[in-house]
Amino acid sequence: MADFLAQYGFLIVTLVQAGLLGLSLYFPLQAGQLSLASPGFYAVGGYVAAILLTNPAYAGLRETLGQGVFPLTWLAAALLCGVLGLVVGVPALRLRGIYLALATIAFVEILRVVSLNLEVTGGAVGIFGIPQAFGFGERWQYIFLFGPLLVLTLLFARQLERSRVGRAFRAIREDELAADAMGVPPTRYKVLAFVIGAVLAGVVGAMSAPFLNTWNARQGSFDASIAILAFVLIGGSRNIWGPVVGGALLTAIPELLRFLADWRLVINGLVLVVASLYLPQGIVGALERWRRRPPPRRPVPAPSPAELRGGRRTP
Amino acid sequence: MQRVVLTVLLGVLTAAHAQRVQAPIPIGIAVAQTSNTALLGQEQVIGARMAEKYINARGGINGTPIRLIFQDAAGDENTAINAFQNLITKSGVVGIVGPTLSQQAFAADPIAERARVPVLGPSNTAKGIPQIGAFIARVSAPVAVVAPNAIRTALRLDPKIKRVAVLYAQNDAFSVSETGTFQETAKAQGLDVVTVQKFLTTDTDFTTQVTATLNANADLVIVSGLAADGGNLVKQLRQLGYKGLIVGGNGLNTSNIFPVCQQYCDGVIIAQAYSPAQASAANQVFVRDYRAQYKKDPPQFAAQAYAAVQVMADALRVIDRRKKLTSWELPALRVELNKQILAGKYNTPLGELRFDKDGEIIQKQFYVAQIKMKDAKNGSFVFLR
Amino acid sequence: MELSQLVQNLLNGLAIGSVYAIFALGYTLVFSILGIINFAHGAVFTLGAYFTYTLVVGQFENNGLLRGVNLFPQGSPFAGSPWTFALATLIGAVVAGLIAVLIERLAFRPMRARGAEPLLALVSSLGVALVIVNLIQLLVGAEIYNFPANAYGEVRPALSFQLGERVVIIRTVQLIIFAVSLVMLAVLGYVIGRTRVGKALRAVAESPGTASLLGISVDRFILITFFLSGVLGGLAGTLVGTAFGVAGPYFGVTYGLKGLAVIVLGGLGSIPGAVVGGLVIGLAEAFVPGDYSAYKDAVAFALLFAILLVRPQGLLGRTQIQKV
């Protein structure tokens with residue numbers, strides 16, 4: 001067992017971590033908002049933890065709190081990312097569709113450039129020598145942090161879906177104007193969904209900084225934005241299990257393909273193409289379909305570019 | 001059923017535990033074979049392979065050959081950690097050469113440290129790498145020693161130099177720390193740093209930085225960057241009319257910049273941690289083999305990876321003389337190898353080198369060279385002093 | 001700011017801005033007709049440069065499976081004169097266009113046929129980009145390739161003129177890029193605006209359903225669009241390669257992100273918008289004061305963020321029709 005964990009423990013934890021990041025994108029998506037800001041909040045959360053855990057300015061704090069400093073970093077990351085989510089979300093969520101996605105990518109890139117330039121974030125080298133959470137000796141032990149976080153998040157997501165808030169999210173996703181007319185204030189709920197995602201990504205980042213032992217500006221990037229979007233879409237965007245399955249799978253594939261040596265990433269790219277062609281509803285969507293064959297439906301008409309541009313057509 | 005699986009699993013695991021050292025002796029190489037760090041990584045692969053061939057051609061470790069096992073560490077932290085873990089657990093390597101970037105080393109080296117596997121960083125130059133742990137050492141010299149010589153050489157070539165423009169790649173850890181040393185040295189030599197310009201290793205257009213440099217009337221330009229960006233910067237400086245001397249940092253010490261700046265590379269003074277002109281027998285054999293295969297001088301990244309593999313092999317040879325390698329148990333050999341690496345003295349293509357107690361390289365010679373271009377594509381580094 | 005400095009920044013900005021613009025043209029063309037962002041565009045751009053390089057030089061360096069191959073042992077017929085170089089560039093661009101067509105057939109059309117989530121096109125095109133980039137590395141290594149210095153003939157590397165007390169300088173190759181991108185824009189504008197193909201394209205972009213009712217073969221015009229976008233991308237790749245070298249398999253991908261900012265800034269799907277967006281971002285970057293050059297890369301995105309908040313449809317985009 002020990003050897004299995006030594007070899008695959010780190011990978012297994014990163015699968016869970018990817019699932020969590022997928023979920024952080026899933027929350028705003030529930031309210032119909034395509035936000036790709038997760039890597040930005042993930043990076044901020046990681047920096048908060050890295051700074052609290054290594055910066056000499058907080059040495060006193062670390063001494064007083066002992067291991068208690070770790071939960072504190074999660075809390076601090078959650079708070080900061082929540083506030084940041086609010087500040088960014090209120091103006092940005094006036095945008096729709098692909099425009100919102102691109103605005104959030106802009107946010108991620110701006111954060112990346114800023115953190116590359118600040119002294120407190122360690123510039124290009126970043127922050128290193130981050131102490132291990134609760135004195136964990138092996139990386140697989142981080143499953144004790146990410147595992148419960150995943151369970152809690154899934155429980156939370158289920159409760160949310162059944163609650164009034166969840167219904168409001170869905171109403172906005174289906175038709176924002178109608179929801180507004182029915183007394184569901186769209187902006188408030190959209191921002192709420194966005195902030196939930198931001199807080200989750202921030203906490204994952206705060207847990208990941210000790211997990212990686214180091215943190216730098218490359219952790220939150222455009223590439224990560226698209227990767228996380230792929231987690232959700234390949235996994236399935238209409239079910240809470242989708243992002244979890246997609247994140248785990250897409251993170252595992254390049255590692256499982258190591259035996260292909262130089263062809264590894266070529267095949268990984270092909271897998272992405274084939275998956276998007278043959279699993280249009282995502283893996284979980286396909287499984288659901290397969291389990292209970294739905295009654296025949298009218299084929300969905302292909303949306304026109306104008307609709308995709310975020311515009312709605314007059315009837 | 002479950003019991004069977006469990007038994008099989010346990011059987012496999014205990015077998016792994018009592019692991020003896022395999023023959024040929026496995027050494028892990030975890031460098032960037034993909035991602036946009038592969039420009040550096042592919043040179044390291046070449047260097048390591050040449051070392052393997054050379055060592056085995058001369059009888060390996062007292063008759064037992066070595067075998068390099070490559071795992072792609074790409075350019076990110078997660079892949080580097082997974083590569084290390086694969087090498088340590090699955091391949092049972094005695095030691096690891098890698099990863100390519102310092103940021104990756106900060107993430108992956110602690111894994112090897114924990115598993116008590118010796119690591120030699122072939123190109124990690126950031127501050128604090130050897131201090132990650134007892135099992136971490138490097139053959140890539142940090143910048144503080146390499147850079148000042150180049151400025152002094154420039155001043156010797158042109159004593160009238162007064163105004164210095166400093167340009168560096170702000171997203172590259174090495175360049176950031178190197179430029180600090182450059183700037184301190186310039187000031188210490190009584191020069192005026194008239195402008196400091198930043199860029200990114202992914203940048204291609206440097207007109208803004210170049211015009212700022214020209215407007216500041218600099219008569220010496222110091223560039224810290226990597227091959228693609230550094231080469232383009234040199235080319236654009238010249239094309240836009242800069243006439244003075246250019247000093248390039250250690251990141252530009254590769255023949256990869258020749259196709260980038262072409263004839264404009266001519267005359268650039270380079271701070272080197274490796275020089276193909278270094279006279280030792282070890283280096284001349286390496287240079288001869290490399291030229292025979294690739295029709296050009298070996299770049300520093302290849303030389304450093306070669307040196308790292310050679311250091312491991314040399315240390316293994318000493319251990320083997322005391323007790324045959326294949327009779328060791330793997331964990332014990334790893335610990336012994338680490339001890340031996342730090343204790344020895346090595347004649348590598350980098351010149352004579354050894355390590356301090358942290359695992360920091362103590363390299364005897366550093367070099368300053370000037371680029372001499374034969375035609376648009378081919379050139380060489382001519383030893384100065 | 002002095003006049004000479006102003007002019008210099010203006011020239012720098014236009015030069016780099018036109019690179020952004022020609023990159024973004026192909027991006028925006030596909031968006032205008034399919035409403036998807038084709039992440040593989042950066043890879044097609046890269047391929048264009050590699051194809052031209054293959055024709056002009058014909059051999060590769062020390063890494064990759066094609067190591068040691070020499071296509072033209074007698075010397076490349078495309079080397080030596082600016083005209084043959086232009087021909088090689090065109091062939092490279094056309095091959096890139098064919099690759100783009102192939103991508104549409106293999107990665108996008110089946111998805112449309114299944115009525116898949118349009119966002120999945122992002123993932124699928126990302127996969128295509130991953131395949132192309134890594135195939136390039138597999139074949140010819142990660143090294144930097146450079147076109148012969150005399151690709152454009154024996155021209156001076158830079159032009160300069162006196163303005164007040166200072167000299168204003170511009171690299172010749174950037175002037176060429178600027179001029180070629182203007183020509184490309186004019187041709188594209190003519191094709192879209194004046195020809196029957198262009199009219200049909202516009203009809204398809206407006207409403208695929210109606211267009212097919214009118215007897216226009218939508219799939220064929222989507223293919224044409226991809227071909228055009230690939231040709232533009234391939235051409236741009238070679239041009240940019242002559243200015244900065246073909247810096248490895250990720251050469252074009254690094255423009256992908258900024259290209260996004262460009263097309264959004266100009267207005268998604270708007271062709272003049274892509275040009276205006278590219279020039280605006282190029283100029284904004286050129287006017288970043290030297291001391292803050294470290295933040296240069298954030299400028300495009302700060303602009304993007306600001307513009308989106310004020311004018312969500314971009315500078316030249318059409319206004320959204322809201323349901324009331």
Side-chain angles (χ1 to χ4, degrees), chain A residues 34 91-92 94-96 98-103 105-110 112-114 116-117 177 222 226-227 229-230 233-234 237 262-282 299-315, chain C residues 31-37 39 106-107 110-112 114-124 126-135 137-138 205-209 256-257 260-261 264 268-269 294-298 300-302 304-305 308-309 312-313 317-324:
Chain A
L34 178 62
R94 288 165 39 207
L95 301 166
R96 291 148 189 266
I98 200 95
Y99 286 96
L100 173 64
L102 294 165
I105 285 179
F107 161 75
V108 173
E109 274 303 296
I110 293 169
R112 186 184 66 83
V113 174
V114 169
L116 201 54
N117 280 288
L177 293 167
F222 167 63
I226 303 303
L229 177 66
L233 293 179
I234 298 292
S237 59
D262 291 347
W263 288 88
R264 185 168 75 99
L265 293 185
V266 176
I267 304 302
N268 189 27
L270 280 180
V271 170
L272 282 183
V273 176
V274 171
S276 23
L277 292 188
Y278 292 97
L279 298 167
Q281 309 296 323
V300 193
S304 80
E307 282 164 325
L308 291 166
R309 271 177 229 129
R312 284 173 182 276
R313 332 201 105 207
T314 35
Chain C
F31 191 92
S32 74
I33 202 154
L34 281 185
I36 55 172
I37 289 172
F39 278 131
L106 296 180
M111 205 183 286
R112 278 201 310 282
R114 288 193 178 80
E117 165 105 54
L119 277 176
L120 266 176
L122 290 179
V123 180
S124 156
L126 183 77
V128 171
L130 202 59
V131 171
I132 294 179
V133 163
N134 285 288
L135 269 181
Q137 195 194 324
L138 208 57
E206 201 55 51
S207 164
L257 180 56
L260 272 185
V264 181
L268 277 171
Y295 288 93
K296 205 182 72 184
D297 266 23
F301 294 99
L304 170 71
F305 205 78
L308 278 180
L309 296 185
Q313 69 275 30
R318 282 174 293 179
T319 40
Q320 297 177 22
I321 305 157
Q322 296 276 342
K323 188 154 103 179
V324 279

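Every chain is numbered from 1, with letters handed out A, B, ... down the list of sequences. Since this is a predicted model, take the numbers as computed values, not measurements. Every heavy atom of this structure was used, including side-chain atoms; hydrogens, water molecules and symmetry mates were not.
Of all the listed residues (A:W263, A:Y278, A:F107), the one sharing the greatest number of non-hydrogen pairs under 4.5 Å with chain C is A:W263. Each of C:D297, C:L135, C:V128 has some count of heavy-atom pairs under 4.5 Å with chain A, and the biggest count is that of C:L135. Interface summary for chain C: among A:P280, A:A227, A:G282, A:S276, the most heavy-atom pairs under 4.5 angstrom belong to A:S276.
From A:L102, atom CG reaches atom CZ of C:F301 across 9.5 Å, with rounding to the nearest 0.5 Å. The CG atom of A:L34 lies 8.0 Å from the CG atom of C:L122; values are rounded to the nearest 0.5 Å.
Proximity to chain A is absent for every atom of C:A261, based on heavy atoms less than 4.5 angstrom apart. Both the backbone and the side chain of C:L119 come within less than 4.5 Å of a heavy atom in chain A. Proximity to chain A involves both the backbone and the side chain of C:L308, based on heavy atoms less than 4.5 angstrom apart. Contacts between C:I132 and chain A at a heavy-atom distance below 4.5 Å are absent for every atom of the residue. With a threshold of 4.5 angstrom between heavy atoms, A:L95 approaches chain C through side-chain atoms but not through N, CA, C or O. In this structure, the portions of A:V114 lying under 4.5 Å from any heavy atom of chain C include both its backbone and its side chain.
With contacts defined as side-chain heavy-atom distances shorter than 4.5 Å, the pair C:L257/A:I105 qualifies. For the pair C:L260/A:F222, a side-chain contact is recorded, criterion being any heavy-atom separation below 4.5 Å from C-beta on. Counting heavy atoms from C-beta on, the side chains of A:I234 and C:L120 come closer than 4.5 Å.
Side chain of A:R94 to backbone of C:L309: a donor-acceptor contact under 3.5 angstrom is found.
In plain terms, the two heavy atoms of C:L304 and A:A106 that are nearest each other are CD2-CB, 3.6 Å. A:I110 approaches C:A298 most closely through the heavy-atom pair CG1-O, 4.2 Å.
For C:N134, the side chain to side chain donor-acceptor pair (under 3.5 Å) criterion is met by no residue, not counting sequence neighbours.
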